[in-house]
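Written out below as structure tokens is the structure these notes cover.
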Amino acid sequence: MTTTTMTTTPMPTPTTTTTTTTTTAPPTTEGTEPLTFTPAEVFLGETVTVTCGPPPINLTDWTAEWRRDGNLILQDNEHSFLNNDRVATLTISKFFATDNGLYECRLTQGNSVFRQKSTRTFTAKDRPLIQVTPIRRKVACEVGKQVTLQCSVQSPYTVMFAERPDAGSGRTITFVFSILDCVNQINTFTCQVETATKFKKSITLELSTEDFDCRDNSEFGDGKDGDIAEAPCDQDRVGVKTAVCKKTVGNWTDIQDNCTLREVQELLDQSQFLNSNSLPLFVERLSNVTRNFTKEVLSSPNDINAIVQILNNVATASLNITITKSSMENVLITAGILTTDEAKDSWDTLNTNTTRNNFSSNTERASSTLLFSLETITNALTNDFFDIVTPSILLNKTTFTGSFNADFNSTVTVNIPDGGSNNITVITFASMDNVLPARDEKNSSFNVINGQVVLVQSSDTINNISLTFDTINDTLNNPQCVFWNFSLFDGLGGWDNEGCMLFSVNETVTCICDHLTSFSILMSPYSPNNPALSYITYVGVSISMGSLVICLIIEAVIWRKIRKNNTSYLRHVSIVNIAVSLLIANIWFIIGASISKGGNQQACTAATFFIHVFYLALFFWMLASGLLLLYRTISVFDDGLTKNSMLAIGFFLGYGAPLIIAIITIAVTAPKEEYIQRTVCWLNWYQSKALLAFVIPALLIVLINLVILFVVIYKMLRRRAVSAQADERHVLVVIIRSLAFLTPFFGITWGLGIGTMTSPENKGIHISFAFFNSLQTTSGGNSSSVLGFFRNRIRGRDD
């Protein structure tokens, strides 16, 4: 960089003679009367006409100019001018909050000006928000039955029932309707604003003598199977709640909340009529409403979707309107609030379309629509160069010649080696990963957005751009360089890697692309691609399945020869169920391994559920064995629990408890798509920690069994002369040996399993876990069955 310093020498000041010329301003005549507004009071969205004049008689050929709060009003679709009969009129076809202000007109002819003003700020009144309860309801027709009707409105309005003036008036009024007969089956009641009767809502009661499938619901009333009922929204919200009567459950289900904040709905209504006059004030009001009602907006998918539609309408208007820096800042503040962590649950609902609402055709596209709207609005920015910094979004608009290299928020570096002479706009989103789903062109759900989303636009074509991303989660790998393709999945949108390639991976990820749009990186949970792991796992599982089949065959051979000793019988029941559980778990393991390669989420979820159930069943049958051992050691006589009672306890522990745990786990995590991992068919760890629903019960059982072993061994050493029979004592010793081997073995195995989660990059832990995990299925009952079978054959005994 060259620094140039220029020194100037003061010059002598010459003596000059100054001639002052006074410019006379055009004479202005102030109107003696204020502007006339027709009607004198107007509600939001209604038409108002402002009349100016007549001017002094000497003004005959004048032109009119209109201003609001000193700002010039331009003629557009919503603001029309007319000069006629010595008066000028301004007609605002739809008066919104952005039209509030002090109005002024100027009628000019040559150097003469006639000016007329409004004496006060002309403000549109909020439309009355009438809420009635119920809206439309079926009621069992029983003479003498009473139904309470309620109507309310916000201040300063009051309401009344048109048909029932005796109910009085007020902000909230109640009327109790008594059924006198069942002749008039449809009864309608109109609630209207006292001072503006054009604002009204109706309550419809449908009396019926038929048998209802859904009865006496305080919110939705009575109904037949398939009936759809409506209920009012909460206070200050617009819309309705709906529910469907289901005969099978005898109640209203599929309850949908289609309600939107009144302030947001008003903005949505106005956004369809934006123009150059209203847009700057409109986006300022939009950002204020979003900030003032952040908690309410972010917790409501309907409010978020409505604001996305508003921004989309702003984008449509921007095709013909230039967007200034201040307007863009308001847009980015609004969009940034929608991307924060508090909005993630609402975005998950929108992206999976698990709710119907007023915008049901657009809900799944909401995330894509938000990004597209921001891209469109960015294209309409003024030619100025500036930076905009908001809490969640940064914008930089600059110009460059030759190459361009810049770091944005220390998270993304953009490098253009040869861009010629160009203007460039870069928008960096801190948390757009909360908004955009991680689906790619294969519609896989196994990936995670692991870098900030960055939008790059330029005034000319750029065919070579390099982007370097800092990763959000260092435990993920397999990076993919992607851009958001709005046309994927019939316009739903998704991540695409066409035209982008991975250049380098170290502490950061560098991508090279041949086009400009919105970029990021997709990565998946760490899964070491080591052939030894696959070899150990599949060979071990194959041997295990063969061993388990042998175990079950041996048990079938000796089953009839098992003595009528309860302890021996229950021991063999445990062995059989451990083997069956492991065999079924292995089968589902193989199914899951093949499914995970195809990315079928539904099938992978099913496989994970059954793997979870039957692996837990293994541990709970081990617990049953341990409890049997403890019980027979403490209660050495056969006058305690019966065999059937112990079987019932065993089967409840063995299959009931695993099933309950698995169902609760999938019910809590599946709706948020956090039940399975993104690369394999197994319980999720990184998002929901669903894996703990297996690890905690398994390790807890290992700990309990170890305690049982110490207690039993201590008891047997203290009491050498056991009063139980010799066969009973022999069986107890066999169970002790089995538990003494299997319990620490399983504990080591799943201790290593936890290690694969906490240190996913450690290949040694992965290989050790795969080895022990394969052996556990071979050891879970086969050693005692097979070796015991041959040993007892030699001894000539059965147990």
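One-based numbering along the sequence shown. These numbers were taken from a predicted model, which means no experiment stands behind them.
- With Cys513, the cysteine Cys500 has an SG gap short of 2.5 Å.
- With sequence neighbours left out, Thr608 forms a side-chain contact (heavy atoms from CB on, under 4.5 Å) with Cys604, Tyr675, Ile676, Cys681, Trp682, Leu683.
- A donor-acceptor pair is defined here as one N or O able to donate and one able to accept, closer than 3.5 Å; no such pair exists between the side chain of Asp433 and the backbone of Gln452.
- In this model, no donor atom of one side chain and acceptor atom of the other lie less than 3.5 Å apart for Trp484 and Thr517.
- Remark: Lys344 engages Asp348 in a salt bridge (charged side-chain N to carboxylate O under 4.0 Å, His left out) (not counting sequence neighbours).
- Between the side chains of Gln256 and Asp254, at least one donor N or O lies within less than 3.5 Å of an accepting N or O.
- Under a 3.5 Å cut-off, the side chain of Asn434 and the backbone N or O of Thr339 do form a donor-acceptor pair.
- Under the 3.5 Å distance criterion, the side-chain polar atoms of Asn450 are left unmatched by any main-chain donor or acceptor of Thr471.
- In plain terms, the two heavy atoms of Leu436 and Ile449 that are nearest each other are O-CD1, 3.2 Å.
- With hydrogens and angles disregarded, no donor-acceptor distance shorter than 3.5 Å links the side chain of Thr508 to the backbone of Asp470.
- Classification of the Phe614-Phe610 ring pair by plane angle, with boundaries at 30° and 60°, yields parallel.
- Listed for the Trp495 side chain is no donor-acceptor partner under 3.5 Å among the backbone atoms of Ile521.
- With hydrogens and angles left out, the side-chain atoms of Ser688 and Thr669 include no donor and acceptor closer than 3.5 Å.
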